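All figures in this text were calculated on a predicted structure; none of them were measured in a lab. The first residue of the sequence shown is numbered 1, and numbering continues consecutively from there.
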Amino acid sequence: MGPCCVLHTVLVPILAIAVTLFVSAIADAQPSDHERYLAQLIEQAQEKKLAEQREWHLLLHYRKGLFGGYESEQDDPRFFMSSKGKTDPEAELSATLAQFFSDELVGRSQQPAQCAFVARYHWLKEQLAFDSNRLLPRVCERFQHWYDDFDVDSISLIFPSSFLNNPASMFGHTLFRVDQKGQTEQTRILSYTINYAADVPPNSGFLYPVRGIFGSYRGYFSTIPYYLKVQQYRDIENRDIWEYRLNLTGDQLRRFLMHTWELGNAYFDYFYFKENCSYHLLALLDYADPTLHLTDEFMLWTVPADTVRLIVSKPGLASTGTYRPSRSTVIKRKREVLPASERDLAHRVTQDIGELTSPAFVQLTPAKQAFVLDLASDYLRYQIETTRKDPKPELKERNRAVLTARSQLRIPSEEFTVRPFAKQPELGHKMLQASLGGGWRNNDTFEEATFRGGYHDLLDPEAGYTPNAQIEMAAVTVRHYNRADQTRVERATLLNLLSLSPMDSVFHSPSWRLGVGMNTIHHNECRLCSNGVFNAGVGGAKEFRLLSREVLFAFADAEANISRAYHGLHRVGGGATVGMLADLTERWKIMATGSYLYFPLGDKSDDFRWHVGSRFTVSRNWAVRLEYNHRDHDNDVLFRVQAFF
């Protein structure tokens, strides 16, 4: 081979490699088409100031800070595409656009960004008119299957009433039900719900409200069959349920569900009083219809009943509430319409199936037999559900026997309308209360002002609230004594809970109360002394209908006091309280109590106390009260005007 051939053989491959590397370097120096398009989209978004728009802030749950800037209420880092996304809407928008081009799996659901954050994608697509040839849209099978399964026709707001025996439910609860096309009122129980709740470990007990106040739990959205929630609230916890169908358009329904899907990708820190079951549900409605501004109404705390009142107050947003009574309410109302002999017969049937052949039962008309058997079955199912962890086998056997006897009658049950004991929540007074008053104490006159953060006491107007239940929190009374020329904090209530559960032959739940706070006492040589109080009691109640409605109750009490008025600065003891709560008219209610407590520990002393209070409702959010308090040689008469807001 000659020298020229050798040179050609060596140089040609080298030149080819050099050319290839040169072309590759030029290509690398030029941005790819998707990079150019991403830069174009980011520039358009900045020109349109999309990061400042309300809908972007709703999607990312941004709130303006007290000192400027923004911070998202979302607490899961996986919800953000930018490391600065929690506090920088602009950075999050740019990072989100970039992620739409990526195959990376993101969010708690581990999907491409277009599918994990489908509401963001569709909103940005509307605003920027994505070119599908340059930003290829993905097929989001998981989302589409989830969405299609709902077959959504409408959304209903669901409000289970308060339940004092569970700290998580003391103020009630709210959730949404997704109503499907073609469903009726009878089949809606098969729908799915959208629920937001704290992830609370089992057996958390009284640690739940303490940790919940400070956001120690994570809150998650979930979809749960409605019949399971009805079983929990109506059948097990015996809570009445109110349902409000919301009037959302087809586009609003789609936005609602798309954002629900996104929120399944993350968690919020759950705060019992503020960012709770109601607050973040309102955020879903705000995104569905950004003109609503529902979450803006709640700055310090969010109470479920207040959110119901707010939604119902929006013109055209919600329909009239539909009532779903608890099983205990059904039983009580059915018992009311029966004479005493038939009430007793229905109860005896639940104890002894042999009563079905007794003369008392056989002599009834078929319609009355059917009603008695329906009532007996209701009660047996109530017992089974409320003791579901270890129900007695004989309860199910008796219920089968009752249902067998009922089927043999071969007549339909008569339609029975159940009237609620408490009116729908939107008719209730507002949560905050302020009052002005004056009166006489011993040899002095006074004026006072009270503020109460929540929620309801036994003498407040009862419409819209659970009867015979009291929850008072964060109440302070400042009083000025004229002769003593002294202004002082007269009373302060941290927490005051009371539940009266009237007993009868069927229901035997105890009544109870718990209080923590301070008051002003006259004891020994101290005429106006602050007195720390912790008290608790357990007892029973009985309801009568002598005039309108009266509840008699009695408690066994324990109490501890701390004050400089006592020898040793404290005393501990116990005693008993008896009382009566009575509705004289729809607007006028009275309560009277009498107590005796003996304190053998610390300052050895005893107290005779009695209280008489009367409330007259002027309007839903206005009332007047006249009260008398006696404690040993200390007498107090007070008249005050209350406003709820």
Peer 1: What is the distance from atom CD of E92 to atom CG of L97, rounded to the nearest 0.5 Å?
Peer 2: 10.0 Å

Peer 1: Over 60° means perpendicular and under 30° means parallel, so tell me whether H61 and F79 are parallel, tilted or perpendicular.
Peer 2: perpendicular

Peer 1: Got a sec: does the CD of E185 have more than 12 other heavy atoms crowding it under 6.0 Å?
Peer 2: yes

Peer 1: So do L253 and V178 actually touch side chain to side chain, heavy atoms under 4.5 Å?
Peer 2: no

Peer 1: Whether K274 engages the ring of F298 as a cation-pi pair (distance to the six-membered ring centre under 6.0 angstrom, angle to the ring normal within 45°) should be assessed.
Peer 2: no

Peer 1: Can a donor-acceptor pair be found between the side chains of T295 and D286 at a distance below 3.5 Å?
Peer 2: yes

Peer 1: Can you confirm whether more than 12 heavy atoms, excluding those of F451, are under 6.0 Å from its CZ atom?
Peer 2: yes

Peer 1: Between Q231 and D235, do the side chains contain a donor N or O and an acceptor N or O under 3.5 Å apart?
Peer 2: no

Peer 1: For a ring pair (Phe, Tyr, Trp, His ring centres under 6.0 Å) with Y287, tell me which candidate from H259, H122, H293 qualifies.
Peer 2: H259

Peer 1: Got a sec, which pairs hit disulfide bond (SG atoms under 2.5 Å apart) with one end in residues 76-129, sequence neighbours left out?
Peer 2: C115-C140

Peer 1: Taking the six-membered ring for Trp and the full ring for Phe, Tyr or His, determine whether the centres of F130 and Y121 are under 6.0 Å apart.
Peer 2: yes

Peer 1: Give the C-alpha distance, both sets of side-chain angles, the deciding distance and a yes or no for side-chain hydrogen bond (donor to acceptor under 3.5 Å, both in side chains) between Q111 and S109.
Peer 2: CA-CA 6 Å; Q111 300 176 85; S109 63; 2.8 Å; yes

Peer 1: Testing the basics here: between D179 and S156, what is the closest heavy-atom pair and its distance to 0.1 Å?
Peer 2: OD2-OG, 2.6 Å

Peer 1: Are S191 and Q180 linked by a side-chain donor-acceptor pair shorter than 3.5 Å?
Peer 2: no

Peer 1: Given S278 and T174, is the side-chain hydrogen bond (donor to acceptor under 3.5 Å, both in side chains) satisfied, shown in steps?
Peer 2: CA-CA 6 Å; S278 290; T174 53; 2.7 Å; yes

Peer 1: Would you indicate whether F645, at its atom CZ, is surrounded by more than 12 heavy atoms from other residues, nucleotides or ligands within a distance under 6.0 Å?
Peer 2: yes

Peer 1: Got more than 12 heavy atoms from elsewhere within 6.0 Å of NZ, K125?
Peer 2: no

Peer 1: Are the charged groups of D75 and K86 less than 4.0 angstrom apart, N to O?
Peer 2: yes

Peer 1: Test of understanding: with side chain to side chain donor-acceptor pair (under 3.5 Å), list the residues that count as partners of D240, not counting sequence neighbours.
Peer 2: Y323, S326, T329

Peer 1: Enter the distance from S619:OG to H429:NE2 here, rounded to the nearest 0.5 Å.
Peer 2: 12.0 Å

Peer 1: So do R452 and M431 actually touch side chain to side chain, heavy atoms under 4.5 Å?
Peer 2: no

Peer 1: Under 3.5 Å, is there a donor-acceptor pair linking the side chains of T466 and S161?
Peer 2: no

Peer 1: Cationic tip of R254 within the cone over Y147's six-membered ring, i.e. under 6.0 Å and within 45° of the normal?
Peer 2: yes

Peer 1: For residues T291 and D289, is any side-chain donor paired with an opposing acceptor at under 3.5 Å?
Peer 2: yes

